[in-house]
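Please read the structure below before turning to the comments.
Values reported hereafter were calculated over all heavy atoms of this structure, with side chains retained and with hydrogens, waters and symmetry mates removed. Proteins get letters first, then strands, A, B, ... in listed order; numbering begins at 1 in each.
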Amino acid sequence: MIAVIGLIVGVAVGLILKPDVPIGLEPYLPIAVVAALDAVFGALRAFLDGLFDDKVFVVSFISNVFIAALIVFLGDKLGVGAQLSTGVIVVLGIRIFANVAAIRRHIFHA
Amino acid sequence: MSEIPPFDPAAAAADENVAVEPTGVQRLRRALLHPGRGQVVVGVLVAILGAAGVTQWRIAGTDDDYAGMRQADLIQALNGLQAASRRTEQDINDLERTRDALQDNNDKTAAALDQAREDLATLGVLAGTVPATGPGIRMTVTVPESHLSLTYLLDGIEELRDAGAEAMEINDAVRIVAQSSFETVGGGIEVDGRLLKSPFTIEAIGDPDSLRTAMNFSGGFVDDIALDDGKVVIKRSQHVEIESLHSEPKPQYAEQVQ
């Protein structure tokens, strides 16, 4: 419940405050959001599996975001930023699909 | 549901081995209805995700395409734009050349058209196909029928031409041009097939003084007519109007030499 409320509050804050993203962080924000989404879906799946641990969630959330940003940063430095961020998005997308499929099996038993 | 304790991960993990394992959906419902302290940090993280997601949504939706792009992408976009710009400039140059050529052509055509119109007016006056007006003389020749001599009349017309007459007319009826034919018939003369009788009114456009002098010199037209018992009255005018027209048939045998 608190998680749902948190999501609503976060969306509201984002909509009302319209925070400005520093130019330097702008390329990382979409990757970070996708990585965080992956962490959240992973957590939901683990929760439904009965394996959820909030410490694990916090660590996986932060490390997901951090590593995704790091990969993109490295890619930028190596001159393959666009390709690497595409790769990261693809991998995270596949993971999100797998997690959502597991969640779906739990909820709809199908 | 009331005997189920609030969700606690540690307890849940401990429960898993002993109690009947609740299904995922039951666990979800329990977590929604009985939030625990562990959910607070989850809520905070999810809130951050929500804010970041909405912000990114806004950036991607409202910002122009180039903000947030990488250097390499920007260079590529710039190259593409430069190539497009070069192509467009090439197109502009081509079209401008075409336009200039067409304009040049148009000017030439307009000049030729003006020249042709001018020629048409000039030649029309000379050929008698358009009405003419201007300074000149109006000459009335009265000749007794018995003494009518076509030679003198032709001489007179030749003298007028010599003196620079540009358009001539007899009796307000027949335009005198290069092709005009003269013939003596009973009771008068026939000019271009039309019978004209004395008195003849000859109108000529040209310099009035020159035309008058050309008629009046001694042994000239006026004297000739006087010898024939005739009478000539010459009036100068600044406004002689020649309305009759000579219709020019298309040449049937003669062709232009190319």
Take B:Val41 and A:Phe61, measure what side-chain contact (heavy atoms from CB on, under 4.5 Å) needs, and give me the verdict at the end. CA-CA 11 Å; B:Val41 68; A:Phe61 186 96; over 6 Å; no
Would one find more than 12 heavy atoms of other residues, nucleotides or ligands at under 6.0 Å from atom [atom1] of [X]?
X        : atom1 : value
B:Gln82  : CD    : yes
A:Tyr28  : OH    : yes
B:Arg194 : CZ    : no
B:Gln76  : CD    : no

Nearest heavy-atom pair of [X] and [Y]: which atoms, and what distance?
X       : Y       : value
A:Ala82 : B:Asp73 : CB-OD1, 4.0 Å
A:Leu29 : B:Ala52 : CD1-CB, 4.0 Å
A:Leu7  : B:Gly50 : CD1-CA, 4.1 Å

Contacting moiety of [X], where chain A heavy atoms sit under 4.5 Å:
X       : value
B:Ala72 : neither
B:Val46 : both
B:Val44 : neither
B:Leu45 : both

Most heavy-atom pairs under 4.5 angstrom with chain B, which of A:Val11, A:Ile8, A:Ile62, A:Val58?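 Top option by heavy-atom pairs under 4.5 Å: A:Val11.
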Can you tell which of A:Asp76, A:Leu15, A:Ile103 has the highest number of heavy-atom pairs within less than 4.5 Å of chain B?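 The option with the most such pairs is A:Asp76.
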Side chain, backbone, both or neither: which part of A:Val40 has an atom under 4.5 Å from a heavy atom of chain B?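 The side chain, not the backbone.
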A:Val56 portion near chain B, given a 4.5 angstrom heavy-atom threshold: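 Neither; nothing under 4.5 Å.
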